Amino acid sequence: MIYLDYQATTPLAPEARAAMLTWLGEEHFANPHSPHRMGRAAKAAVELARDQVSALLPPGGRVIFTGNACEAINLAMRGCPGSGPIAYSAIEHPAVRDTALALGNAYELPVDAEGLSDPATPLQPGTRLVAVMQVNNEIGTVQPSAGWYAAARAAGALFLSDAVQALGKLPVAEANLIAVSAHKLYGPKGIGALWVRDGVELAPQITGGLQEGLRSGTLSPALCAGFGAAAAAAQVAMAEDAAHVEALWRHARALFAGWELNGSASERWHGNLSLRRDGLDVARLMSDCRQVMFSAGSACASGSGKPSHVLRAIGLDDAQAKSTIRLGFGRYTTIDEIEEAAAMINTAADAQ
Ligand code: PLP
C-alpha cells in the first residue's frame with residue numbers, strides 16, 4: 001500500500017503516538033478541569049500541549065483547543081462581531097465556504113488561473129471578516145496572506161487564516177484568527193485549535209462550562225498531548241521536512257511529465273501535486289490503482305460527484321476538473337514509493 005493522500009490526513013508521528021499513550025494509561029483518566037492533584041496533572045499536560053502548538057503560531061494571541069478545524073472556523077466566523085459582509089476566497093475549504101453561505105451576507109474573492117488571490121481586490125464597504133486560507137488543500141497554492149491581513153486591517157475587518165495545510169510546514173502567516181488541525185501535521189484526528197489574537201472578542205458558539213474560555217467541553221488530555229507532541233516534532237523537523245518534500249516534488253514532476261499541473265508551480269506547497277489529463281476517467285484509474293491511496297480532486301469533493309469549486313475557480317471546465325487527481329506526500333513518503341505509484345498510475349492512465 002502506498003499512501004499519497006497527505007492533504008486528507010497524515011500518518012500519526014511516533015512522537016504523537018507515544019505522548020497519547022501516556023495519557024491513555026490506566027491511572028491517567030482525570031478530568032483536566034478538576035482542581036485535585038490528578039486533575040492538575042492532566043491540566044499540566046494540556047498546558048504543555050498548548051505551549052507546543054502556540055510555538056508554531058505568531059506571538060500575541062491564545063490557542064483555544066477545539067474538536068477540529070471545522071469547529072475552529074465556525075467559532076471564528078459565527079462568533080465574529082458585527083453585522084457587515086464576510087469576504088472569502090473562491091478556493092476556501094467548505095469549512096469556510098459553507099459557513100459563509102449559511103451565514104449569508106457573504107461574497108467571494110476571485111482567484112486567477114494559477115489559483116492565487118490578489119489582496120488588491122476591493123472589499124465591500126463594512127466588511128467585517130476576510131477569510132483567505134494560507135495553503136489550499138486541493139491545489140496547494142500559497143496565498144499572499146500578509147497582503148490580505150494588511151488589506152483587512154485597512155478596511156477595518158478581521159482577517160481569518162485557515163492555516164490547516166500550512167501549520168508545521170511553513171511559518172504561519174499573521175492574522176487576527178488562525179484555524180489549525182492536528183491531523184494534518186502528523187497528530188491525531190479529533191482535535192484542532194483556533195488561535196485568537198489578543199484584543200479580538202468572539203461570541204462563544206458552544207456553551208456549557210466554557211472550559212476553554214470561549215469553548216465548552218471537557219478536553220481530552222491524550223488528544224491535546226498528541227497535538228502538542230506533533231507540533232513540537234514539526235518545529236524540529238520543519239526544514240528537513242521541506243527539503244524532503246522538495247526532493248519528492250522534483251522527482252514526481254519528472255515522472256508525471258505528460259500531465260498538466262493545476263495551480264501555480266512556484267507559489268505552492270510542494271507536497272501537493274494536483275494533476276490532470278484530458279479525457280481521464282478518474283474513477284476507473286482509482287479502481288485500477290487500488291494499491292495507491294490518492295484522491296480525485298479533494299477528499300471532500302471526491303465522492304460527491306460534483307466538480308470541485310476550487311478547480312472551477314481556476315477556470316477549468318467540468319470535464320477538466322473531473323479528470324484531476326491529487327497526490328499528496330510528506331515526511332514518511334519515499335522516492336521508491338513515488339516511483340512505484342507513478343509507474344502504476346501512468347500505466348493505468350495510458351491504457352485508457
Ligand atoms: N481547512 C482545510 C484547508 C482543510 O484541508 C481541512 C481538512 O481537510 C479543514 C479545514 C477541516 O479540518 P478538520 O478535519 O480538522 O475539520
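Remember, it's 1-based here, ligands and their atoms both numbered in the order they're listed. Computation of the quantities below employed the complete heavy-atom set of this structure, encompassing side-chain atoms and omitting hydrogens, waters and symmetry-equivalent molecules. Note that the structure is a prediction, hence the values are computed from the model and not measured.
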Quiz item: Asp350 versus Arg277: any side-chain heavy-atom pair under 4.5 Å?
Solution: yes
Exercise. Indicate, as side chain, backbone, both or neither, the part of Lys189 found under 4.0 angstrom from ligand 1 when only non-hydrogen atoms are considered.
Key: neither
Quiz item: How about Thr127 and Gln124: does a side-chain donor come under 3.5 Å of a side-chain acceptor?
Solution: no
Quiz prompt | N or O pair under 3.5 Å between Ala69 and ligand 1 | solution = yes
Self-check item: Donor-acceptor pair, side chain of Thr141 and main chain of Gly115, under 3.5 angstrom
Solution: yes
Practice problem: Decide whether an N or O pair under 3.5 Å exists between His183 and ligand 1. | Solution: yes
Self-check item: Interatomic spacing from CZ in Arg197 to CG in Leu57 - rounded to 0.5 Å
Solution: 10.5 Å
Exercise. Pick one of side chain, backbone, both or neither for how Val164 approaches ligand 1, counting any non-hydrogen atom pair under 4.0 Å.
Key: side chain
Quiz prompt | Geometric N/O contact Cys70 with ligand 1, under 3.5 angstrom | solution = yes
Exercise. For Gln165, take its heavy atoms, then give the atoms of ligand 1 lying under 4.0 Å from any of them.
Key: 3 (C), 4 (C), 5 (O)
Self-check item: CD (Glu340) with more than 12 external heavy atoms under 6.0 Å
Solution: no
Exercise. Could you tell me which atoms of ligand 1, counted from 1 in the order shown, lie closer than 4.0 angstrom to a heavy atom of Ser181?
Key: 13 (P), 15 (O)
Self-check item: Atoms of ligand 1, numbered as shown, that sit under 4.0 Å from any heavy atom of Met133
Solution: 3 (C)
Quiz prompt | Side chain, backbone, both or neither: Glu71 near ligand 1, heavy atoms under 4.0 Å | solution = neither
Exercise. Ignoring hydrogens and angles, state whether a donor on the side chain of Ser145 or Gln134 is under 3.5 Å from an acceptor on the partner side chain.
Key: no
Practice problem: Assert yes or no for the condition that the ring centre distance of Tyr332 to Tyr186 is strictly below 6.0 Å. | Solution: yes
Quiz item: Taking the non-hydrogen atoms of Glu92, is any one of them nearer than 4.0 angstrom to ligand 1?
Solution: no
Quiz item: At a 4.0 Å threshold, what atoms of ligand 1 neighbour a non-hydrogen atom of Asn68?
Solution: 13 (P), 15 (O), 16 (O)
Quiz item: Would you find a donor on one side and an acceptor on the other, under 3.5 Å apart, between the side chain of Glu71 and the backbone of Gly192?
Solution: no
